[in-house]
K.L.:
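Below is a structure I'd like to ask you about.
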Amino acid sequence: MPFIAEALSDGESDRFAGWDKTGGRHDHARCVCVALDDFVVVIRLGLTAAGAIRGSFVTCYVADNSIEKIRNGPKWDEAECLRLLRGQRKGR
């Protein structure tokens, strides 16, 4: 779907911290990209061996019932994401 590529490649698209259902809180190691009003792409983030952020596609959908809840959440923060992901690394 072209909407997925558009949402992920557009540096101006709105990005919000994802929701950790288990922890009951927002999580900056997950990202929800919003494109075209209420089309969202959910990505789980991690680190490459070189320490760069990499994303894994989780799902996408039209968030007609939940877009306000998403938009009222915190904006995704790259620095916070890196801090969380680097804290999760084991070994090395």
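Just so it is clear, the model here is predicted, and its values are computed rather than measured.
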K.L.:
Return the CZ to CD1 distance between F16 and I67, rounded to the nearest 0.5 Å.
P.N.:
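Between atom CZ of F16 and atom CD1 of I67 there are 7.5 Å.
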K.L.:
Test I43 against V32 for side-chain contact (heavy atoms from CB on, under 4.5 Å), laying out the working first.
P.N.:
CA-CA 6 Å; I43 309 161; V32 179; over 6 Å; no
K.L.:
Find the distance between CG (L47) and CD1 (I53) and round it off to the nearest 0.5 Å.
P.N.:
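Taking CG in L47 and CD1 in I53, the distance rounds to 7.0 Å.
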K.L.:
Any donor-acceptor pair under 3.5 Å linking the side chain of W76 with the backbone of H28?
P.N.:
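Confirmed, W76 side chain pairs with H28 backbone.
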K.L.:
Should S13 and R15 be marked as a side-chain contact (heavy atoms from CB on, under 4.5 Å) after you check the CA-CA gap, both sets of side-chain angles, and the distance that decides it?
P.N.:
CA-CA 6 Å; S13 66; R15 295 177 184 194; 3.4 Å; yes
K.L.:
Nearest 0.5 Å, please: how far is CG in D27 from CG in L84?
P.N.:
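That separation rounds to 6.5 Å.
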K.L.:
How far does OG of S66 sit from OH of Y61, to the nearest 0.5 angstrom?
P.N.:
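It comes to 4.0 Å.
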K.L.:
With rounding to the nearest 0.5 Å, note down the distance linking NE2 in H26 to CG in D77.
P.N.:
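With rounding to 0.5 Å, NE2 (H26) is 13.5 Å from CG (D77).
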K.L.:
Does one hydrophobic cluster hold both V42 and W19, with members joined at side-chain heavy-atom distances below 4.5 Å?
P.N.:
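Per the 4.5 Å side-chain linkage, V42 and W19 are not co-clustered.
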K.L.:
A quick test of your reading: do over 12 heavy atoms of other residues, nucleotides or ligands sit less than 6.0 Å from NZ of K75?
P.N.:
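Result for NZ/K75: enclosed.
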K.L.:
Indicate, with yes or no, if V62 and V41 share a hydrophobic cluster defined by side-chain heavy-atom contacts under 4.5 Å among Ile, Leu, Val, Met, Phe, Trp and Tyr.
P.N.:
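Yes, one cluster joins them.
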K.L.:
Return the CG to SG distance between L45 and C31, rounded to the nearest 0.5 Å.
P.N.:
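L45 CG to C31 SG: 6.0 Å, rounded to 0.5 Å.
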K.L.:
For a salt bridge (charged side-chain N to carboxylate O under 4.0 Å, His left out) check, start with the C-alpha distance between E68 and R71, then their side-chain angles and the critical distance, and finish with the verdict.
P.N.:
CA-CA 5 Å; E68 288 305 314; R71 289 193 179 277; 5.5 Å; no
